[in-house]
Amino acid sequence: MINEKFLDVISHEGVVALVTWGSNGVHVSNTWNSYLVIKDNRILIPAAGMNKTQDNIEQNGRIKATVGSRDVMGYRSMGTGFLVEGSVRFLDSGEEFDMMFEKFPFLNRVLEITPDLMKQTL
């Protein structure tokens with residue numbers, strides 16, 4: 001599911017929007033493309049904070065995210081992005097947590113997205 005164009009996008013800096021929803025409505029948080037790590041068709045993101053995101057995930061284990069870069073060729077011109085939808089959970093221990101902590105020592109959890117939709121939008 002994770003294709004070469006998506007990998008190209010996350011190799012360039014850009015903002016990532018993470019959208020979750022629960023009983024208190026929709027919440028959007030942001031991170032950077034350079035923080036995304038791909039492992040076994042999953043997207044791993046270091047998390048410090050993201051408390052409302054976690055509250056929503058505990059109620060509804062789904063997420064929508066947008067990822068983009070103006071430095072990657074899109075369908076018609078420079079700049080492309082992706083809509084990602086999938087299941088999500090937080091990790092606070094284990095192999096992935098340890099690997100991510102080595103790269104991003106500021107994290108206290110890892111956000112793990114397992115995509116079931118990945119659509120190029122531009």
Side-chain angles (χ1 to χ4, degrees):
M1 170 151 316
I2 296 174
N3 64 35
E4 290 300 317
K5 182 69 76 168
F6 182 84
L7 295 174
D8 194 12
V9 166
I10 67 171
S11 74
H12 295 83
E13 198 58 90
V15 68
V16 177
L18 304 168
V19 181
T20 57
W21 54 97
S23 61
N24 290 323
V26 174
H27 176 70
V28 179
S29 58
N30 296 111
T31 192
W32 301 106
N33 290 0
S34 57
Y35 288 171
L36 276 61
V37 173
I38 306 302
K39 183 165 185 205
D40 301 330
N41 208 43
R42 293 170 296 138
I43 303 168
L44 304 176
I45 304 171
M50 294 191 184
N51 296 316
K52 288 182 182 179
T53 300
Q54 185 164 4
D55 288 345
N56 284 346
I57 288 169
E58 288 172 0
Q59 295 176 45
N60 171 9
R62 302 288 300 165
I63 195 165
K64 292 184 180 195
T66 58
V67 180
S69 171
R70 64 186 309 171
D71 298 323
V72 177
M73 186 66 185
Y75 290 128
R76 293 176 195 88
S77 61
M78 287 303 289
T80 192
F82 282 83
L83 169 65
V84 178
E85 296 182 16
S87 58
V88 63
R89 65 182 181 149
F90 277 97
L91 308 173
D92 59 10
S93 63
E95 178 184 333
E96 282 89 2
F97 178 88
D98 294 341
M99 180 264 301
M100 291 291 286
F101 187 79
E102 284 184 33
K103 293 178 184 239
F104 309 103
F106 61 84
L107 70 78
N108 55 31
R109 294 167 338 285
V110 174
L111 184 72
E112 176 195 69
I113 301 172
T114 303
D116 50 43
L117 171 79
M118 192 168 264
K119 178 180 176 184
Q120 187 174 343
T121 57
L122 295 170

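Everything quoted here is computed from the prediction, not taken from an experiment.
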Original post:
Should Val110 and Leu18 be counted in the same cluster of Ile, Leu, Val, Met, Phe, Trp and Tyr side chains packed under 4.5 Å apart?
Top reply: no

Subject >> Exceeds 12 heavy-atom contacts within 6.0 angstrom, atom NZ of Lys39 >> reply: yes

Original post:
Hey, does the side chain of Asn41 reach the backbone of Ile2 with a donor-acceptor pair shorter than 3.5 angstrom?
Top reply: yes

**OP:** Could you tell me which non-hydrogen atom of Val28 sits nearest to which non-hydrogen atom of Ala17, and how far apart they are?
**Re:** CG1-CB, 4.4 Å

Original post:
Less than 4.5 Å apart, any side-chain heavy atom of Asp116 and any of Arg62?
Top reply: yes

Subject >> Test item: Gln59 side-chain N/O and Ser23 main-chain N/O as donor-acceptor pair under 3.5 Å >> reply: yes

Original post:
What is the distance from atom CD of Glu58 to atom OG1 of Thr20, rounded to the nearest 0.5 Å?
Top reply: 11.0 Å

Original post:
Which pair of heavy atoms, one from Ala48 and one from Asn108, lies closest together, and at what distance?
Top reply: CA-OD1, 3.9 Å

Original post:
Quick check: does any side chain N or O of Asn33 sit under 3.5 Å from a backbone N or O of His12, one acting as donor and the other as acceptor?
Top reply: yes

Original post:
Is there a path from Ile113 to Ile38 through hydrophobic residues (I, L, V, M, F, W, Y) whose side chains come within less than 4.5 Å of each other?
Top reply: yes

**OP:** Would you check if the side chain of Arg42 reaches a backbone N or O of Pro115 as a donor-acceptor pair within less than 3.5 Å?
**Re:** no

Could you go through residues 64-82 and list every donor-acceptor pair under 3.5 Å that involves a side-chain atom there, pairing it with any protein atom two or more places apart or in another chain?
{"unit_1": "Ser69", "atom_1": "OG", "unit_2": "Asp71", "atom_2": "N", "d": "3.0"}
{"unit_1": "Thr80", "atom_1": "OG1", "unit_2": "Gln120", "atom_2": "NE2", "d": "2.9"}
{"unit_1": "Thr80", "atom_1": "OG1", "unit_2": "Leu122", "atom_2": "O", "d": "2.8"}

**OP:** Determine, using the 4.5 Å side-chain heavy-atom cutoff (strictly less than), whether Tyr35 and Leu91 are members of one ILVMFWY cluster.
**Re:** yes

Original post:
Taking a hydrophobic cluster as the set of Ile, Leu, Val, Met, Phe, Trp and Tyr residues connected by side-chain heavy atoms closer than 4.5 Å, whether directly or through intermediates, do Val37 and Phe101 fall within one such cluster?
Top reply: yes

**OP:** Report the residue from Leu111, Leu44, Thr31 that forms a side chain to side chain contact (heavy atoms under 4.5 Å, CB included) with Leu36.
**Re:** Thr31

Original post:
Under 3.5 Å, side chain of Glu13 to main-chain N/O of Trp32, donor-acceptor pair present?
Top reply: no

**OP:** Can you measure from CD (Gln54) to NE2 (His27) and round to the nearest 0.5 angstrom?
**Re:** 11.5 Å

Original post:
Is it the case that one hydrophobic cluster holds both Phe97 and Ile43, taking links as side-chain heavy atoms less than 4.5 Å apart, direct or via other members?
Top reply: no

**OP:** Could I get the full list of side chain to side chain donor-acceptor pair (under 3.5 Å) partners for Thr114, not counting sequence neighbours?
**Re:** none

